[in-house]
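See below for the structure under consideration.
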Protein chains: 2
Amino acid sequence: MARNKRDVDRAQKQEEIELAATRLFLEGGYDATSMAAVAGAAGVAPNTLYWYYANKDELLIAVLNRLMARTLEVRAGIAELPLPEQLLWLIQVFEQAHNLVLTVHGRLDQSKAIFDWHAQFHQKLEALLVATLVAQGMSEEEAVTLATAGTFIVEGLLSHPHTLEQREKVIRWLLSKGWKPDDSYFV
Amino acid sequence: MARNKRDVDRAQKQEEIELAATRLFLEGGYDATSMAAVAGAAGVAPNTLYWYYANKDELLIAVLNRLMARTLEVRAGIAELPLPEQLLWLIQVFEQAHNLVLTVHGRLDQSKAIFDWHAQFHQKLEALLVATLVAQGMSEEEAVTLATAGTFIVEGLLSHPHTLEQREKVIRWLLSKGWKPDDSYFV
DNA sequence: ACCTGAACACCGTTCAAGT
DNA sequence: ACCTGAACACCGTTCAAGT
């Protein structure tokens, strides 16, 4: 499976495009960022993007996969931290890309590719959360429900302005269900 | 504050436009429904819409207010039902317009008008939920947290495919926190 | 294989002109 | 006050042509 010169070049070009797209999507939002703007930032003609990506949604998916890979790397390094730390870290990660979370939800009905990506994303996220909760001694059944509710609450926080106090209160409430966090963490 | 002939005519025209827009937005989605399509369904020229609404977002807000008014009317009739019934009814209402819920969230960063509408919507919804919970004997503080978490979970269900079994499980989990629903409801 | 200039169909919105 | 035809700037995407 050795990659020849040509593959490397292709991968490099795609990296340039995806880095530009990531920056612009995060800064200005998906809808407000035109394909021409991405192309300009990557130093190519607008229609060149269509050599690498079938359409704008596929470019978004490439960006999302890149962000997810980077996030999984970081998370591997903090897997040993206590649960509340991990959850608050997760919220902050999603918050940085809250733009794109809302965009993905908004395009669920309009793009099958986005719909499929979203489904597998939540599958992976739930598996990760459940494994973490079970490792802490929670039952599988309890863990699944808590993972689902936790995901919804994290996503809810992203699209609704709130104070840090409100955030702490609802997270504390969530975790107090089957699991007792160290209250001192929040002080 | 009596309305003269002219006002009545204007209101009638707006009703025609908003009914057409409501149908098209719910069926095909906001993005996929062009102003020209709304105008066509209402029997006017595309640019005529701009006499009544400053832009497409304002038309969306008019549609949302119409849906909300109708929903509040229906809800007044079921205010005496037990809490789980009311909550499941709410989910089903949101589900019918889940399209527009996701659209509103997706446009939060791009339209101040939508942002403001969303803020006041959640203010009203929370006030209604808290009042309902307090009337059932819950403390104000507890009610606020449960209302927030409940809203997020309802919205989470809207954007994530799930079985009825999953829905029942997470709703049951939510309500089991400070309040004991009649389990037989779910059977 | 990769890239581009030119074009296409469409979009939200504006404007000058009509009644 | 209300409505419209025509136009504007922009969009995602396609295609034929280049290397």
Side-chain angles (χ1 to χ4, degrees), chain A residues 2-18 20-21 24-25 27-64 100 103-104 106-107 109-114, chain B residues 2-18 20-21 24-25 27-64 100 103-104 106-107 109-114:
Chain A
R3 295 200 285 168
N4 60 20
K5 182 77 159 48
R6 186 128 263 160
D7 281 343
V8 169
D9 285 351
R10 182 180 174 86
Q12 268 177 9
K13 200 71 174 204
Q14 280 183 293
E15 179 161 28
E16 280 174 39
I17 293 169
E18 288 165 20
L24 293 175
F25 286 170
E27 282 172 11
Y30 176 76
D31 279 331
T33 301
S34 67
M35 291 295 265
V38 174
V44 295
N47 49 359
T48 297
L49 300 182
Y50 291 88
W51 177 257
Y52 295 98
Y53 310 94
N55 50 50
K56 199 181 178 186
D57 283 313
E58 294 292 344
L59 175 57
L60 173 59
I61 286 173
V63 166
L64 294 172
L100 298 186
T103 296
V104 166
R107 298 197 59 69
D109 289 342
Q110 293 167 59
S111 161
K112 174 163 167 41
I114 295 286
Chain B
R3 296 200 285 167
N4 59 21
K5 183 74 159 48
R6 185 129 264 159
D7 281 341
V8 170
D9 285 351
R10 182 179 174 87
Q12 268 177 9
K13 200 72 174 200
Q14 280 183 291
E15 179 162 26
E16 280 175 39
I17 293 170
E18 288 166 21
L24 293 175
F25 286 171
E27 283 172 11
Y30 177 75
D31 280 330
T33 302
S34 67
M35 291 294 264
V38 174
V44 294
N47 49 358
T48 298
L49 299 183
Y50 291 87
W51 178 258
Y52 295 98
Y53 311 94
N55 50 49
K56 199 181 177 184
D57 283 314
E58 293 292 345
L59 174 56
L60 173 59
I61 287 173
V63 165
L64 293 171
L100 298 186
T103 295
V104 165
R107 299 197 59 70
D109 288 342
Q110 295 166 56
S111 161
K112 176 164 164 39
I114 295 286

Protein-nucleotide distance (B:Leu49, atom CG; D:dC2, atom P), rounded to Å: 14 Å
Between P of C:dC11 and CG of B:Leu24, the distance in whole Å: 12 Å
Contacts of type side-chain contact (heavy atoms from CB on, under 4.5 Å), residue A:Ala32, not counting sequence neighbours: none
Pairs meeting criterion salt bridge (Lys or Arg N to Asp or Glu O under 4.0 Å) with involvement of residues 36-57 of chain A, two or more places apart: A:Asp57-A:Arg107
Sequence-distant partners of B:Asp109, side-chain contact (heavy atoms from CB on, under 4.5 Å), two or more places apart: A:His98, A:Asn99
Residues in side-chain contact (heavy atoms from CB on, under 4.5 Å) contact with B:Ala36, at least two apart in sequence or another chain: B:Ser34, B:Pro46
Under 4.0 angstrom between B:Arg10 side-chain N/O and D:dA1 OP1 or OP2: no
Paired stretches of DNA chain C - 3 or more consecutive Watson-Crick or G-U pairs, each distance under 3.5 Å: C:4-8 with D:12-16, C:12-16 with D:4-8
Partners meeting side-chain hydrogen bond (donor to acceptor under 3.5 Å, both in side chains) with A:Tyr50 (sequence neighbours left out): none
Nucleotide D:dA16, atom P - distance to CH2 of A:Trp51 in whole Å: 15 Å
Sequence-distant partners of A:Tyr52, side-chain hydrogen bond (donor to acceptor under 3.5 Å, both in side chains), two or more places apart: none
Check: A:Thr33 side chain, A:Leu24 main-chain N or O, donor-acceptor pair, under 3.5 Å: yes
Nucleotide nearest A:Tyr52 (side chain, heavy atoms from C-beta), chosen from D:dC3, D:dT4, C:dC2: C:dC2
Taking N or O atoms only and anything under 3.5 Å, show me the protein contacts with nucleotides 12-14 of chain C, one pair per line.
| residue | atom | partner | partner atom | Å |
| --- | --- | --- | --- | --- |
| C:dG12 | OP1 | B:Lys56 | NZ | 2.8 |
| C:dG12 | OP2 | B:Met35 | N | 2.9 |
| C:dT13 | OP2 | B:Tyr50 | OH | 2.8 |
| C:dT13 | OP2 | B:Lys56 | N | 2.9 |
| C:dT13 | O5' | B:Tyr50 | OH | 3.3 |

Whole-Å gap separating C1' (C:dC11) and CG (B:Leu59): 15 Å
Sequence-distant partners of B:Glu15, side-chain contact (heavy atoms from CB on, under 4.5 Å), two or more places apart: B:Leu19, B:Arg66
